[in-house]
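Just below is one structure, and these are the notes that go with it.
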Protein chains: 2
Amino acid sequence: MALEHAILVSLLEKPGSGYELARRFERSIGYFWTATHQQIYRVLKRMENDGWVEAREVPQQRRPDKREYSVADLGRAALSSWLHDPIEPESVRHDLAVKIRGAAFDDPAALIREVERHRQTHRDRLAHYLAGEERDFTGPDAGATAPDTPLDAERELQHVVLRGGIAYERMMIGWLDDVLATLARFGPDH
Amino acid sequence: MALEHAILVSLLEKPGSGYELARRFERSIGYFWTATHQQIYRVLKRMENDGWVEAREVPQQRRPDKREYSVADLGRAALSSWLHDPIEPESVRHDLAVKIRGAAFDDPAALIREVERHRQTHRDRLAHYLAGEERDFTGPDAGATAPDTPLDAERELQHVVLRGGIAYERMMIGWLDDVLATLARFGPDH
DNA sequence: TGATGCATGTAAGCCGTTACATGATTGT
DNA sequence: ACAATCATGTAACGGCTTACATGCATCA
């Protein structure tokens, strides 16, 4: 389980409230980890009890007050310990692949629409990632700061993770094209 | 949740016991769905109660008897209904990506070994998939049967799912090379 | 003698999803 | 007037993981 660790990383990048974390999990962190606000609030509470994070009440005008969390020493230590702990490469879980194999016992052509929908989602995500890359990593000041500063490491590592998301979406689009071509060979006119 | 449906697909391809299903989930089905024997036995029992599958006692010599399951009409209908139900494209969950972004706040070079281990796992899986493709889909009788038979659909769809696994592993290996090159730039000699 | 494979399970606990709930403010 | 955004939660249910448990057969 890495939700706690994903939260630690996000709070190290920038402190924030549970609500703000939920926003981030819909965007950048969400490229490789999803979480709803319910999960986040529950885990934040546990992390606060364990002394991993500290909360600060931030009064706001025209808005509800918020509890801004930041990482405590114990949290930093927990993250470091997890980083040094080997993890097993995850296995994939593709509902769609189950459906594709299952289609052999039903009507393969009925899956075409579904696969096209998925393909469109992956195209959208790819466009979104590419826009983010353009905005955050190819600006006029890209590489303009001194090399090898911690900030550079943070940026470079964020960038390489984003490139992973881009590679994933491209691979999926290519594969779904392959799937569509295969399904087309077992259409209703056969 | 698609474990039930993955089991239905597997049992339609070939009836088998809970133990045999667990084996398959370590191999071919495991390319895109994992399950342990505990999950499988529990779900099989529920599916039997719901009339989705039927069990047949098979006495064996020098081995414990086994309960061989096959798909009942209700199970076939449940699968068909699920196949026609749209699902949302899943989001990825990459512990490793969390680690990579977290490494900015620790020692980036300490992750190199871990990433290399993962890369090796993906190389092994790729080799395994390619061997399976060679064995099952490029044999002398590939395409030798009459076109567009149900068996062909089953084979073709299994093959396209396997090609998805191959594409995934190739993508991961390429990305992990990218990650290693990035981590190397923030090594201890900086 | 010990490890591995065949075969089937129970129990505990955490994780994740869905639904429900509140309440103010801002924009159409 | 209605929807969306900011902000924080509770409750219930089901899924998944880990550990524990049994027992026979085979092979080194």
Side-chain angles (χ1 to χ4, degrees), chain A residues 1-7 15-27 29-30 32-50 52-53 55-69 78 82 85 87-95 98, chain B residues 1-7 15-27 29-30 32-50 53 55-69 82 85 87-95 98:
Chain A
M1 195 328 254
L3 176 53
E4 299 148 3
H5 304 107
I7 288 176
S17 68
Y19 188 81
E20 283 162 350
L21 281 170
R23 289 294 91 131
R24 293 183 210 170
F25 275 88
E26 286 172 3
R27 299 184 299 100
I29 307 277
F32 53 89
W33 201 270
T34 57
T36 59
H37 74 277
Q38 292 91 337
Q39 285 176 72
I40 290 167
Y41 283 118
R42 186 154 23 107
V43 172
L44 270 176
K45 200 161 279 180
R46 189 178 63 222
M47 290 168 80
E48 197 183 1
N49 282 336
D50 294 347
W52 288 21
V53 295
R56 192 171 63 95
E57 300 286 338
V58 179
Q60 295 188 118
Q61 288 171 344
R62 302 164 196 275
R63 280 184 193 184
D65 294 353
K66 65 176 180 180
R67 310 196 70 212
E68 193 181 78
Y69 289 92
W82 178 70
D85 233 27
I87 51 177
E88 284 313 299
E90 301 103 82
S91 325
V92 215
R93 282 204 174 177
H94 283 307
D95 289 77
V98 179
Chain B
M1 197 321 256
L3 176 53
E4 299 148 3
H5 305 107
I7 288 176
S17 68
Y19 188 81
E20 282 162 352
L21 281 170
R23 290 292 92 131
R24 293 185 209 169
F25 275 87
E26 286 172 5
R27 300 184 297 103
I29 307 276
F32 51 89
W33 201 272
T34 57
T36 59
H37 74 275
Q38 292 91 337
Q39 283 176 72
I40 290 168
Y41 283 117
R42 185 150 28 102
V43 172
L44 270 177
K45 201 161 280 182
R46 188 178 64 224
M47 290 168 81
E48 196 182 1
N49 282 336
D50 294 348
V53 295
R56 190 172 64 96
E57 300 288 337
V58 178
Q60 294 188 120
Q61 287 171 343
R62 304 163 196 275
R63 280 183 193 184
D65 294 353
K66 65 177 181 179
R67 308 196 71 214
E68 192 181 77
Y69 290 92
W82 177 70
D85 233 29
I87 50 176
E88 285 312 301
E90 303 103 80
S91 324
V92 215
R93 283 204 173 175
H94 283 308
D95 289 78
V98 178

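Convention: sequence-line order gives letters A, B, ...; per-chain numbering from 1. Since this is a predicted model, take the numbers as computed values, not measurements.
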Residues which pass salt bridge (Lys or Arg N to Asp or Glu O under 4.0 Å) with A:Glu26, listed by chain and number, not counting sequence neighbours
A:Arg23
Taking salt bridge (Lys or Arg N to Asp or Glu O under 4.0 Å) as the definition, give me every residue that meets it alongside A:Glu48, ordered by chain and number, with sequence neighbours left out.
A:Arg67
Spacing of [X] atom [atom1] relative to [N] atom [atom2], expressed in whole Å:
X: B:Arg42; N: C:dT8; atom1: CZ; atom2: C1'; value: 14 Å
X: A:Leu44; N: C:dG16; atom1: CG; atom2: P; value: 14 Å
X: A:His5; N: C:dC15; atom1: NE2; atom2: P; value: 11 Å
X: A:Glu4; N: C:dC15; atom1: CD; atom2: C1'; value: 10 Å
X: B:Leu21; N: C:dA7; atom1: CG; atom2: C1'; value: 13 Å
X: B:Lys45; N: D:dG14; atom1: NZ; atom2: C1'; value: 18 Å
X: A:Glu48; N: D:dT8; atom1: CD; atom2: P; value: 12 Å
X: A:Glu20; N: D:dG9; atom1: CD; atom2: C1'; value: 17 Å

Side chain A:Arg23 and base D:dT8 donor-acceptor under 3.5 Å:
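There is none.
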Under the side-chain contact (heavy atoms from CB on, under 4.5 Å) test, which residues partner [X], sequence neighbours left out?
X: A:Arg24; value: A:Ser10, A:Lys14, A:Leu21, A:Arg27, A:Ile29
X: B:Ala22; value: B:His37, B:Ile40
X: B:Asp50; value: B:Arg46, B:Trp52

Shortest side-chain distance from [X], nucleotide among [options]:
X: B:Lys66; options: C:dC15, C:dT8, D:dT10; result: C:dT8
X: A:Tyr19; options: D:dC16, D:dT5, C:dC15; result: D:dT5
X: A:Gln39; options: C:dG16, D:dC16, C:dT10; result: C:dG16

Partners passing side chain to side chain donor-acceptor pair (under 3.5 Å) against A:Arg56 (at least two apart in sequence or in another chain)
A:Glu68
Could you list the residues that satisfy side chain to side chain donor-acceptor pair (under 3.5 Å) with B:Gln60, not counting sequence neighbours?
none
Using a cut-off of less than 4.0 Å, is there contact between a side-chain N or O of [X] and OP1 or OP2 of [N]?
X: B:Arg93; N: D:dC16; answer: no
X: B:Ser17; N: C:dT8; answer: yes
X: A:Tyr41; N: D:dT8; answer: yes

Side-chain donor or acceptor of B:Glu4 paired with backbone N/O of B:Met47 under 3.5 Å:
no
Side-chain donor/acceptor of A:Glu90 to backbone N/O of B:Asp95, under 3.5 Å:
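Yes: the side chain of A:Glu90 pairs with the backbone of B:Asp95.
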Name the nucleic acid region contacted by A:Arg67, choosing base, sugar-phosphate or nothing; use a 4.0 angstrom heavy-atom cut-off, strictly under.
sugar-phosphate
Looking at CG of B:Leu3 and OG1 of B:Thr34, how far apart are the two atoms once the value is rounded to the nearest 0.5 Å?
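That separation rounds to 9.0 Å.
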End axis versus end axis in the helix from C:dT1-D:dA28 to C:dT28-D:dA1, the angle rounded to 10°, five pairs used at each terminus:
40°
Kindly give the atom pairs (protein nitrogen or oxygen, nucleotide nitrogen or oxygen) under 3.5 Å for nucleotides 19-24 of chain C.
unit_1, atom_1, unit_2, atom_2, d
C:dA19, N6, A:Gln38, NE2, 2.9

